[in-house]
Amino acid sequence: MGDYKPQEIEAKWQKRWEENRVFETEADVADVEEVASGRWQAGREEKGSQDPPSHIEGGAPRKKPKYYVLEMLPYPSGTLHMGHMRNYTIGDVVARVKRMRGFNVIHPMGWDAFGLPAENAAIKNRTHPRTWTNNNIAEFQRVLRRFGFSYDWRREISTCEPEYYRWNQWFFLRMLERGIAYKKKSRVNWCPKCCTVLANEQVVNGGFCWRHEDTRVEAREIEQWFLKTTAYADQLLNDLQEMEGSWPDRVIAMQRNWIGKSTGAKVWFEIAGEEKKTQDPGLEDEPGAPAQSSQRREAERNQRIEIFTTRIDTIYGASAVILAPNHPLVGSLLAARAEDAEAGQKSGHYTAEGRDKKLAEMKVTSVKGEDIATAEKDGFFTGRYAINPFNGEKVPIWVGNFVLMEYGTGAIMAVPAHDERDNEFARKFGLSIPVVVVPAKERTNAEAKEEEHRGRGDTGAGGSRVGGADAAQAGAPVPQLFTEYGISVNSGAYSGLKSEEAIERMAADAEKGGFGKKETIYRLRDWGISRQRYWGTPIPVIYCEKDGMVPVPDRDLPVVLPANPKLTGEGQSPLATDPEFVNVKCPKCGGAARRDADTMDTFVDSSWYFYRYCDPHNDKMPFDPAKAGYWFPIDQYIGGITHAILHLLYSRFWCKVMRDLGLVNHKEPIARLFTQGMVQKGGVAMSKSRGNVVGAEEMAQKYGADTGRIYTLFAAPPEKDLEWSEESIEGAWRFLNRVYRLVDKHAGPAREVASGPEASLEVNEWRVASTEKERTLLRKAHQTLRRVTQDFEGRWHFNSAIAQIMELVNAIYGAEPLEDGVRPEVRKEVLELVTLMLAPMTPHLAEELWEMLGHESGLWTVGWPEFKAELAKEDEVEIPVQINGKVRGRVTVAAGASQEEVLEKAKEDAGVAMHLNGKTVRKVIFVKDKMLNLVVG
RNA sequence: GCCCGGGUGGCGGAAUGGCAGACGCUGAGGACUUAAAAUCCUCCGGGGAUUUUUCCUCAUGUGGGUUCGACUCCCACCCCGGGCACCA
């Protein structure tokens with residue numbers, strides 16, 4: 001009759017779904033009350049006497065288990081392409097399957113609407129970031145609706161609205177109260193031409209500004225707001241255990257790596273020569289030394305160099321202490337003594353000027369890790385010495401470009417024999433390389449002694465290990481680099497101990513002696529959230545000359561962005577140039593004061609947005625804890641691997657903070673995480689900048705949304721990358737047409753009869769009354785249902801689910817003409833199964849077919865079909881017969897036949913008999929209904 | 001360097017210890033048609049034997065191992081992709 005016209009069908013059903021509010025969902029009343037009464041105290045005063053909110057009526061579903069499925073919210077820019085659509089399709093299939101299986105499903109969508117691109121576009125096009133953003137949102141929404149995703153649009157949020165970001169501010173104030181938010185100077189990427197801070201991504205070509213490619217980015221110290229993620233480092237690390245098995249391994253691994261816990265010890269090295277000076281400070285000042293010199297000495301006197309090491313057991317092998325170029329002690333160490341520089345010069349390496357130049361170079365290097373990682377090791381001797389507290393030896397103090405101020409204490413002890421980097425450094429600059437650990441295995445007693453000797457020899461007769469190359473000159477054999485655990489040698493009282501023991505004892509002794517202690521440090525740093533931008537959440541803080549930093553009182557929230565900013569992309573924060581915004585009265589004293597002109601990192605917005613979906617219009621709190629308690633944790637979160645670290649880590653952090661605030665009672669917000677693969681074209685991910693996108697709308701116009709959906713599901717398993725293929729799209733399109741024509745052809749007679757749940761026919765009635773052809777079809781249909789159900793449940797093998805359905809459709813075509821031997825009831829049953837199985841993936845087509853089959857109420861009103869094992873059961877099975885593991889014949893037997901029956905039949909088989917000829921059967925392996933293997937010899 | 005993935009026909013991919021290559025794409029042939037499109041049917045890993053039916057053999061990155069039986073489990077290695085990286 002008709003043709004498959006996806007554009008008409010899709011519009012028709014989208015309208016019906018909306019009219020019938022099919023995807024609107026509410027928290028279950030009973031459960032919400034249970035949660036509220038049982039576990040929640042904070043902020044619940046009003047609730048006690050109140051009736052449930054009007055939208056939770058008595059008719060709401062009761063005791064359906066909840067299911068929260070969520071796709072990462074998009075940043076609304078550019079064009080929606082099939083890469084986006086794949087993500088949303090996967091989520092939509094899950095949502096629809098769960099709905100059909102009787103879950104109370106929440107499936108929301110919103111917009112990550114703040115961010116730099118809006119601001120840049122606004123500068124370029126002379127529009128307002130809000131205009132640009134809202135236009136994009138409208139466009140995105142239109143296309144998402146066009147694909148028929150089952151979102152509850154009433155819950156839509158946009159993070160750039162004051163109704164949303166006021167809660168960012170509210171959270172910030174709570175964190176400020178608890179000391180989680182604090183301000184400190186920190187090193188940033190600074191572009192001297194833009195006069196602003198750059199994000200790491202804006203530093204290009206190994207240290208240049210993205211807008212001024214001839215301008216080198218500098219490291220600068222400026223005051224910024226931080227959130228103390230490090231306070232939760234241990235929790236963030238330990239709770240990862242809970243996610244094992246339900247988050248991808250690599251995401252867990254990446255987060256572990258990022259947090260980077262390492263246990264070791266801090267050790268304090270005194271600066272040599274200080275004691276003498278403290279006795280007689282006045283006399284020590286060199287003529288011509290700067291006036292503040294003695295002052296500096298004063299400060300330096302009690303200063304020791306604090307180093308961090310995970311291998312305190314190698315401390316007897318330390319041949320230098322190396323400081324980061326921007327270590328606070330570097331300046332005073334160098335300035336203190338001009339002649340020390342000469343000492344360095346004498347050692348043959350540097351002039352004072354060369355040294356200063358070098359230091360300046362090292363300091364200016366961008367903060368960005370890449371540059372440092374690839375740079376060659378460099379450094380210089382400061383001319384000063386430190387005392388190794390374990391053996392009292394003097395070791396030279398160096399400055400090295402590979403020592404990071406940001407990690408540990410910004411200073412290390414260099415143990416060249418047992419650390420790769422130190423080894424490289426020592427070889428380059430001729431530091432000695434004493435061996436203090438030897439491999440445990442090959443070590444006999446005699447060898448150990450010898451090793452001990454050699455070690456001593458190498459160390460020299462207690463001589464100072466200046467930056468000279470005496471070790472190398474002495475022609476001493478260069479010891480091998482050995483970085484593993486072993487046995488300590490040449491380590492005083494600790495010689496002979498296993499590394500593990502030595503670490504324990506030496507750390508304990510350092511603590512006793514007051515020159516060190518055990519310490520755990522993390523790679524994770526606090527989260528800097530200040531951005532010198534306009535399009536973000538204003539930081540709700542005011543600076544008053546009299547009262548200092550004053551938080552904006554809750555009642556004054558939100559601090560709203562000024563409507564008409566001056567955006568130039570250069571200079572300081574745009575907000576700072578707006579007097580109406582900046583000038584404000586101090587909330588404490590009423591005097592003149594200034595607002596903080598920075599805005600928050602947009603990762604703040606996305607760290608808790610999924611809670612807001614539970615209660616999107618609450619104007620008293622970020623969300624009602626009872627509602628969040630009902631919906632959380634997120635049962636299934638779906639998004640790209642690109643957010644494996646930052647977004648997910650910040651979200652986890654936020655959850656833990658909210659837990660401490662009493663807003664939630666779970667440890668982790670996301671129970672299961674799925675990271676889908678990218679859609680590629682020409683081997684690279686689709687992106688507007690590469691110009692290789694297949695537009696979502698274009699797709700929908702050409703083939704319809706359902707074809708686009710099923711193609712992305714069929715072409716590859718969801719976790720793998722998918723290479724776009726126009727030919728394969730045609731295949732998906734053909735398949736849907738094939739299904740449509742099949743149903744269309746048989747719909748007439750099918751409409752005349754009842755079937756499925758309406759027919760309430762018992763399994764046995766079907767079987768008794770069935771023809772062979774009917775039984776075969778029903779069997780295939782229910783076998784398919786079993787496998788498709790499995791593929792939807794645990795494994796998400798949508799591609800093989802679709803393949804199964806294709807097979808079933810092929811089988812039905814193969815049984816044509818169905819009029820011959822297949823009653824309309826059976827035809828209807830089989831076609832309904834096809835329709836219902838397709839429903840989560842091609843929802844519009846499925847609704848249309850469902851209607852064609854004679855159903856007046858929408859497909860959304862029915863559940864997932866019931867699998868009937870009786871119908872799926874095979875009557876006969878073909879069993880391969882193997883001789884010594886090779887298939888030599890096949891026998892057909894009744895399902896469930898015994899070993900004896902199968903064996904007897906097998907022996908009759910010509911091929912089998914031939915291979916058995918003249919041999920004895922030694923062993924028989926029989927797997928019922930599967931195979932028979934005869935071991936002969 | 002360390003940590004994760006992954007290697008199966010011309011291509012995307014099935015098969016989680018039991019007939020390797022389901023399903024789809026491409027390609028070839030055929031039917032329908034005045035013709036084309038659409039649709040439908042058949043064939044499609046390599047080598048060999050049999051010249052019709054079919055049979056043998058090799059084959060899931062490489063080499064070992066476990067097992068009656070291995071794409072699947074174990075060990076070693078090679079290659080590809082991704083992440084992290086002077087992290088002390």
Side-chain angles (χ1 to χ4, degrees), chain A residues 3 248-254 256-258 260-262 264-265 307-312 314 322 324 369-370 372-378 400-404 406-415 418-422 424-425 483 521-524 641-642 644-645 677-678 683 711 714-717 719-732 734-735 737-738 741 787 795 797 799-810 813-814 816 878-890 911 914 922-927 929-937:
Chain A
D3 287 335
D249 288 344
R250 57 175 171 160
V251 175
I252 294 174
M254 282 158 82
R256 282 219 172 94
N257 200 306
W258 188 261
K261 180 176 182 168
S262 87
I307 62 110
F308 176 79
T309 177
T310 54
R311 293 295 303 273
I312 193 171
T314 64
I322 310 179
E370 279 172 36
I372 309 166
T374 50
E376 205 196 327
K377 289 217 176 13
D378 202 358
N401 64 345
F402 70 102
V403 180
L404 307 174
E406 291 79 12
Y407 185 77
T409 59
I412 62 163
M413 62 175 190
V415 185
H418 307 292
D419 180 284
E420 225 171 291
R421 296 150 301 170
D422 298 347
E424 196 188 325
F425 194 79
T483 58
I521 63 165
Y522 297 89
R523 204 188 78 105
L524 181 74
I641 186 70
T642 41
I645 298 174
M678 283 181 306
Y711 167 71
F714 181 62
E719 69 278 6
K720 280 186 77 171
D721 286 347
L722 182 164
E723 175 66 30
W724 190 262
S725 150
E726 206 55 39
E727 286 89 1
S728 298
I729 269 281
E730 290 281 351
R734 270 200 292 272
F735 171 63
N737 274 282
R738 210 164 134 81
R741 280 195 307 270
R787 289 200 50 183
R795 313 186 310 161
H797 285 194
N799 56 333
S800 67
I802 294 165
Q804 297 295 317
I805 299 169
M806 284 174 169
E807 264 191 72
L808 173 58
V809 170
N810 289 347
Y813 268 95
E816 290 279 18
E878 194 190 55
I879 294 183
V881 182
Q882 302 177 351
I883 309 291
N884 290 341
K886 286 196 169 128
V887 182
R888 301 298 183 183
R890 288 164 228 280
M914 197 178 79
R922 306 211 169 185
K923 197 170 173 185
V924 179
I925 295 108
F926 176 70
V927 183
D929 292 344
K930 286 276 163 125
M931 51 79 59
L932 176 73
N933 188 12
L934 304 175
V935 185
V936 304

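Everything numeric here is computed off the predicted structure, so don't read it as measured data. Numbers restart at 1 for each chain; the letters A, B, ... are given by sequence-line order, proteins then strands.
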Undergrad: If I take atom CD1 in residue A/I641 and atom P in nucleotide B/rG83, what distance separates them, rounded to the nearest angstrom?
TA: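 Taking CD1 of A/I641 and P of B/rG83, I get 9 Å after rounding.
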Undergrad: Between A/Y711 and A/A732, what is the shortest heavy-atom contact and its length?
TA: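 Where A/Y711 meets A/A732 most closely, the heavy atoms are CB-CB, 4.0 Å.
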Undergrad: Roughly, in whole Å, what's the span from CE in A/M931 to P in B/rG18?
TA: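 Interatomic distance, CE of A/M931 to P of B/rG18: 10 Å.
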Undergrad: 5'-most contact on RNA chain B: A/N737 or A/T309, nearest heavy atom basis?
TA: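 Of the two residues, A/N737 wins.
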Undergrad: Using a heavy-atom cut-off of under 4.0 Å over every strand shown, decide if A/R256 touches base, sugar-phosphate, or nothing.
TA: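 A/R256: no heavy atom of the nucleic acid under 4.0 Å.
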Undergrad: Looking at B/rC68, B/rG18, B/rU57, which one has an atom nearest to any side-chain atom of A/K930?
TA: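 The answer is B/rG18.
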Undergrad: Using the P atom as the point on both nucleotides, what is the distance between B/rU42 and B/rC25, in whole Å?
TA: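 Pairwise P distance, B/rC25 against B/rU42, rounds to 14 Å.
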Undergrad: When rounded to the nearest Å, what value does the distance between P atoms of B/rC58 and B/rG64 take?
TA: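 One P to the other, the span is 15 Å.
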Undergrad: Taking OP1 and OP2 of B/rC56, is either one under 4.0 Å from a side-chain nitrogen or oxygen of A/R888?
TA: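 Indeed, a polar side-chain atom of A/R888 lies that close.
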Undergrad: Using a cut-off of less than 4.0 Å, is there contact between a side-chain N or O of A/R795 and OP1 or OP2 of B/rA14?
TA: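 No, outside the criterion.
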Undergrad: When you compare B/rU51 with B/rC43, how far apart are their P atoms, in angstrom units rounded to a whole number?
TA: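 Per the computed distance, 24 Å lies between those P atoms.
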Undergrad: Have a look at A/V403 and say if it touches a base, only the backbone sugar-phosphate, or nothing, with a 4.0 Å heavy-atom cut-off.
TA: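 A/V403: base contact, heavy atoms under 4.0 Å.
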Undergrad: Can you check the A/K377 NZ to B/rA85 C1' distance for me, whole Å?
TA: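 My rounded result for the distance is 11 Å.
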Undergrad: Please give the distance between the P atoms of B/rG21 and B/rG27 as a whole number of Å.
TA: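 Their P atoms lie roughly 24 Å apart.
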Undergrad: Contact class for A/M254 vs. all strands (heavy atom < 4.0 Å): base, sugar-phosphate, or nothing?
TA: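 It contacts sugar-phosphate atoms only.
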Undergrad: Going from CE on A/M413 to CG on A/D422, what distance comes out if it is rounded to the nearest 0.5 angstrom?
TA: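 Separation between the atoms: 8.5 Å.
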Undergrad: More than 12 heavy atoms of other residues, nucleotides or ligands under 6.0 Å from CZ of A/R922: yes or no?
TA: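 For A/R922, atom CZ is not crowded (no more than 12 foreign heavy atoms under 6.0 Å).
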Undergrad: Atom CH2 of A/W258 to atom C1' of B/rA85: distance rounded to whole Å?
TA: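 Taking CH2 of A/W258 and C1' of B/rA85, I get 12 Å after rounding.
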Undergrad: Atom CG of A/L524 and atom P of B/rA85: how far apart are they, to the nearest Å?
TA: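 Checked: the CG to P distance equals 13 Å.
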Undergrad: Does any non-hydrogen side-chain atom of A/N884 lie less than 4.5 Å from one of A/V936?
TA: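 Side-chain contact under 4.5 Å: yes.
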Undergrad: Would you say the side-chain atoms of A/N799 pair up with the backbone N or O of A/A715, donor to acceptor, closer than 3.5 Å?
TA: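 Not a single qualifying donor-acceptor pair exists.
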Undergrad: Does B/rC68 have OP1 or OP2 under 4.0 Å away from a side-chain N or O of A/K923?
TA: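 Checking B/rC68 against A/K923, a side-chain N or O does come within under 4.0 Å of OP1 or OP2.
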Undergrad: Identify which nucleotide among B/rC56, B/rC19, B/rG18 has an atom closest to any side-chain atom of A/E878, counting heavy atoms from C-beta outward.
TA: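 Looking only at side-chain atoms, A/E878 lies closest to B/rC19.
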Undergrad: Please report the distance separating the P of B/rA22 from the corresponding atom of B/rC80, rounded so that it comes out in whole Å.
TA: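 Between the two P atoms, the distance is 30 Å.
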Undergrad: Between B/rC4, B/rC86, B/rG18, which nucleotide gets closest to the side-chain atoms of A/R250?
TA: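 In terms of side-chain proximity for A/R250, the closest of B/rC4, B/rC86, B/rG18 is B/rC4.
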Undergrad: Taking the P atom of each, how far is B/rG81 from B/rG45, in whole Å?
TA: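 These two P atoms come out 30 Å apart once rounded.
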Undergrad: Report, as a single string ordered 5' to 3', how protein heavy atoms within less than 4.0 Å touch nucleotides 20-28 of chain B: B base, S sugar-phosphate only, - not at all.
TA: --BBSSS--
Undergrad: For residues A/I805 and A/F714, determine if any side-chain heavy atom of one lies less than 4.5 Å from a side-chain heavy atom of the other.
TA: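 When only atoms from C-beta onward are counted, A/F714 and A/I805 do not touch, as no gap falls below 4.5 Å.
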Undergrad: Is the phosphate of B/rG69 approached by A/K886 (side-chain N or O, under 4.0 Å from OP1 or OP2)?
TA: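 A/K886 to B/rG69 OP1/OP2: no side-chain N or O under 4.0 Å.
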Undergrad: Watson-Crick or G-U wobble partner for B/rG5, using a 3.5 Å limit on both distances?
TA: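 Checking every strand shown, B/rG5 finds its partner in B/rC80, with both distances under 3.5 Å.
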Undergrad: So, OP1 or OP2 of B/rA85: does either fall under 4.0 Å of a side-chain N or O from A/R421?
TA: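 No, because none of the side-chain N or O atoms of A/R421 sits under 4.0 Å from OP1 or OP2 of B/rA85.
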Undergrad: If you measure from the C1' atom in B/rU66 to the same atom in B/rA76, how many Å do you get, rounded?
TA: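 So the two C1' atoms sit 15 Å from each other.
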Undergrad: State, to 0.1 Å, how close A/A414 and A/I322 come at their nearest heavy-atom pair, and which atoms those are.
TA: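 Here A/A414 and A/I322 meet closest at CB-CD1, 3.7 Å.
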Undergrad: I want to check one thing: is the phosphate of B/rA85, taken as OP1 and OP2, less than 4.0 Å away from some side-chain N or O of A/R523?
TA: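 So the side-chain polar atoms of A/R523 do come within 4.0 Å of the phosphate oxygens OP1 or OP2 of B/rA85, strictly under.
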Undergrad: Under 4.5 Å between any side-chain heavy atoms of A/R250 and A/I641, yes or no?
TA: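 Yes, close enough: below the 4.5 Å cut-off.
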Undergrad: What is the distance from CD1 of A/I925 to P of B/rU67, rounded to the nearest Å?
TA: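 That distance rounds to 13 Å.
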Undergrad: How far does the P atom of B/rG69 sit from the matching atom of B/rC78, given to the nearest Å?
TA: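 Going atom to atom, P in each nucleotide, I get 29 Å.
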Undergrad: For B/rG69, does the glycosidic angle fall within 90° of 0 (syn) or outside that (anti)?
TA: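 This nucleotide is in anti.
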Undergrad: Is there a side-chain polar atom (N or O) of A/H418 under 4.0 Å from OP1 or OP2 of B/rA88?
TA: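 It does not, given that no N or O in the side chain of A/H418 lies less than 4.0 Å from OP1 or OP2 of B/rA88.
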Undergrad: Pairing check on B/rC68: which nucleotide meets the Watson-Crick or G-U wobble criteria with it, both distances under 3.5 Å?
TA: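 By the stated definition (distances under 3.5 Å), B/rG18 pairs with B/rC68.
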Undergrad: Which nucleotide wins on minimum distance to the side chain of A/F402, given the candidates B/rU16, B/rG18, B/rC86?
TA: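 Nearest to the side chain of A/F402 among the choices is B/rC86.
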Undergrad: Any idea which heavy atoms bring A/N933 and A/M931 closest together, and the distance?
TA: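 Heavy atoms only, the tightest pair is CB-CE, 3.4 Å.
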Undergrad: As a test of reading the structure: which of B/rC3, B/rA88, B/rG13 is closest to the side chain of A/A716, going by heavy atoms?
TA: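 Between B/rC3, B/rA88, B/rG13, the one nearest the side chain of A/A716 would be B/rG13.
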Undergrad: With a 4.0 Å cut-off on heavy atoms, is A/D249 in touch with a base, just the backbone sugar-phosphate, or nothing at all?
TA: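 Contact class for A/D249: sugar-phosphate only.
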Undergrad: Just call it for A/P717: base, sugar-phosphate, or nothing, with non-hydrogen atoms closer than 4.0 Å on any strand.
TA: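 Result for A/P717 = sugar-phosphate.
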Undergrad: Once you apply the 3.5 Å cut-off to both distances, tell me the Watson-Crick or G-U wobble partner of B/rG24, or none.
TA: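 Across any shown strand, B/rG24 pairs with B/rC11.
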Undergrad: Is it the case that the side chain of A/R311 and the backbone of A/T483 share a donor-acceptor pair, with hydrogens and angles ignored and the cut-off at 3.5 Å?
TA: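 Yes, because the side chain of A/R311 sits within donor-acceptor range (under 3.5 Å) of the backbone of A/T483.
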Undergrad: Hey, is the side chain of A/N933 pairing donor to acceptor with the base of B/rC68 inside 3.5 Å?
TA: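 Under the 3.5 Å cut-off, the side chain and the base do form a donor-acceptor pair.
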Undergrad: Rounding to an integer number of Å, can you tell me how far A/F308 CZ sits from B/rC87 P?
TA: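 To the nearest whole Å, that distance equals 12 Å.
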Undergrad: Could you check whether any side-chain N or O of A/Y407 sits under 3.5 Å from a backbone N or O of A/I521, counting only pairs where one atom can act as donor and the other as acceptor?
TA: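 Such a contact is absent between A/Y407 side chain and A/I521 backbone.
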Undergrad: Nearest whole angstrom, please: distance from the P of B/rG81 to the CE of A/M678.
TA: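 To the nearest whole Å, that distance equals 13 Å.
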Undergrad: A/N884 or A/G814: which one's nearest nucleotide on RNA chain B is closer to the 5' end?
TA: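 Here A/G814 is the residue nearer the 5' end.
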